[in-house]
Amino acid sequence: MPELPEVETIRRDLQRKIVGKKIARIQVCKPKIIKGSKTALNKTLTGNFFTKINRRGKLLILELKKGEKFLLIHLKMTGQLIYQAQGKVTAGGHGWPQIDKLPNKYSHIIFTFVDRSQLFFNDLRQFGYMKLVDENELQEVLKKFGIEPLTKGFTWTNFQQVMAGKKTSLKAVLLNQKLIAGIGNIYADEICFRAGVRPSRAVNKLSSAELRKIFNSCNIILKQAIKYRGTTFNDYVDADGNKGNFISRLKVYQRAGKKCQRCRRSVIEKIKIAGRGTHYCPRCQE
DNA sequence: CTTCTTGTTACTGA
DNA sequence: ATCAGTAACAAGAA
């Protein structure tokens, strides 16, 4: 699932690959992916180019020339953005092709640039979307996001303020995009493990020391995951179609029933919190 | 066949 | 106001 580290990896890839490249045409194979007017989107994008690729939480914000319009892209669970130069198979690594020949049956939107290179929006479950917005609409959307990890605003003081008085579980708070932006199910579990705190704990019952560990773990886990270009469990790939490498560093997520690598004694348990599968070590997490 | 998975929003009931 | 729980969206894996 693309969470902050995966979306950030794609953002950096696209920033390098498509900024300044003139769009020749857009094929909309699955209209429902586009929220709002399809003709307006087509008209605005064709012949235009992106000047900058930004991100807020798990949302990509592609800025168009003169900054008057923005293309929002959310990948939800199974969305992919894969860029290919004309006639080139860029995917692979170890000589094995990791993606199908594109477009495939999940390629719902296709951008073709004037140099004949292409950007494919693939989405198996079709939950992801694209939306064209103006500056005002963008600000409305951005208002709903909580503090952004790995930025200047993600301070210990702000973090404490966000957590203050929350009676709900730590897991629910970490997943709540209105409080902290960008953390999803994988990294929420990994952050709790690193902090040594059970995700089921009520936030208002956590000590200041525990909160501090959670704050530090947010920074370390997310930074590390970006360094490893994200986690591929099912569908996530970067803009070249390559898998992320963080999966080998996962300590609890998808390790239910396996021995904890830290204490080497307990077995990772899986329960449901806030409606989500939640993994933790009963010995390492209090 | 059923159940589970996940990001987000919407809705209901406490 | 605040929170928990669930349905919905879709498709595939087990």
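Just so we're clear, the structure is a prediction, and the values are computed from it rather than from any experiment. Proteins come first, then strands; the chains are lettered A, B, ... in the order of their sequence lines, and each starts at number 1.
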Please state whether the phosphate of C:dA10, meaning OP1 or OP2, lies under 4.0 angstrom from any side-chain nitrogen or oxygen of A:Thr78. no
Any side-chain N or O of A:His74 below 4.0 angstrom from OP1/OP2 of B:dT8? yes
Return the value, rounded to whole Å, for the distance between atom CD1 of A:Ile73 and atom C1' of B:dT8. 17 Å
So, does A:Tyr253 get its side chain near the phosphate of B:dT6, meaning an N or O under 4.0 Å from OP1 or OP2? yes
At under 4.0 Å, does any side-chain N or O of A:Lys166 touch on OP1 or OP2 of C:dT2? no
Starting at atom CG of A:Asp123, determine the distance to atom P of B:dT6, rounded to an integer number of angstrom. 16 Å
Can you identify which nucleotide, out of B:dG7, C:dC3, C:dG12, has its nearest atom closest to the A:Lys167 side chain? C:dC3
What integer distance in Å separates A:Leu175:CG from C:dA4:C1'? 14 Å
Nearest-neighbour nucleotide for the A:Thr168 side chain, C:dC3, C:dG12, B:dG7 considered: C:dC3
Could a donor-acceptor pair under 3.5 angstrom be found where the side chain of A:Arg276 meets the base of B:dT8? yes
Does the ring of A:Phe127 meet both stacking tests against the six-membered base ring of C:dC9: centre distance under 5.5 Å and plane angle under 30°? yes
Assess, by modelled atom type and distance only, whether the side chains of A:Lys52 and A:Asn54 contain a donor and an acceptor separated by less than 3.5 Å. yes
Within the 4.0 Å heavy-atom criterion, would you say A:Gly277 contacts the bases, only the backbone, or no part of the nucleic acid? sugar-phosphate
Report the distance from atom CG of A:Leu59 to atom C1' of B:dG7, rounded to the nearest whole Å. 12 Å
Assess, by modelled atom type and distance only, whether the side chains of A:Ser200 and A:Tyr280 contain a donor and an acceptor separated by less than 3.5 Å. no
Under a plain distance cut-off of 3.5 Å, with no hydrogens placed, do A:Ser117 and A:Tyr83 share a side-chain donor-acceptor pair? yes
Base, sugar-phosphate, or nothing for A:Tyr187, non-hydrogen atoms under 4.0 angstrom? nothing
Using the ring of each side chain (for Trp, its six-membered ring), is A:Phe159 parallel, tilted or perpendicular to A:Phe215, with breaks at 30° and 60°? tilted
Give a yes/no answer on whether the side chain of A:Gln126 brings an N or O atom under 4.0 Å of OP1 or OP2 in C:dC9. no
Could you tell me whether the side chains of A:Lys69 and A:Asn48 share a donor-acceptor contact shorter than 3.5 Å? no
By the 4.0 Å heavy-atom rule, please label A:Lys270 as base, sugar-phosphate, or nothing. sugar-phosphate
Is a donor-acceptor contact shorter than 3.5 angstrom present between the side chain of A:Arg125 and the base of B:dT6? yes
Taking OH from A:Tyr129 and C1' from B:dG7, how many angstroms apart are they, rounded to a whole number? 10 Å
Just call it for A:Lys144: base, sugar-phosphate, or nothing, with non-hydrogen atoms closer than 4.0 Å on any strand. nothing
Rounded to whole angstroms, how far apart are NE2 on A:His108 and P on C:dC9? 17 Å
At 4.0 Å (heavy atoms only), tell me whether A:Lys32 reaches a base, stays on the sugar-phosphate, or touches nothing. sugar-phosphate
Just the rounded figure in Å: distance from C1' of C:dA11 to CG of A:Asn104. 14 Å
Would you say A:Lys272 places a side-chain N or O within less than 4.0 Å of OP1 or OP2 belonging to B:dT5? yes
Assign each of A:Gly165 and A:Gly275 to its nearest nucleotide of DNA chain C by heavy atoms, then name whichever residue's nucleotide is nearer the 5' end. A:Gly165
Could you give the CD-to-C1' distance, from A:Glu3 to B:dG7, as a whole number of Å? 9 Å
State whether a side-chain donor-acceptor pair under 3.5 Å links A:Asp123 with A:His108. no
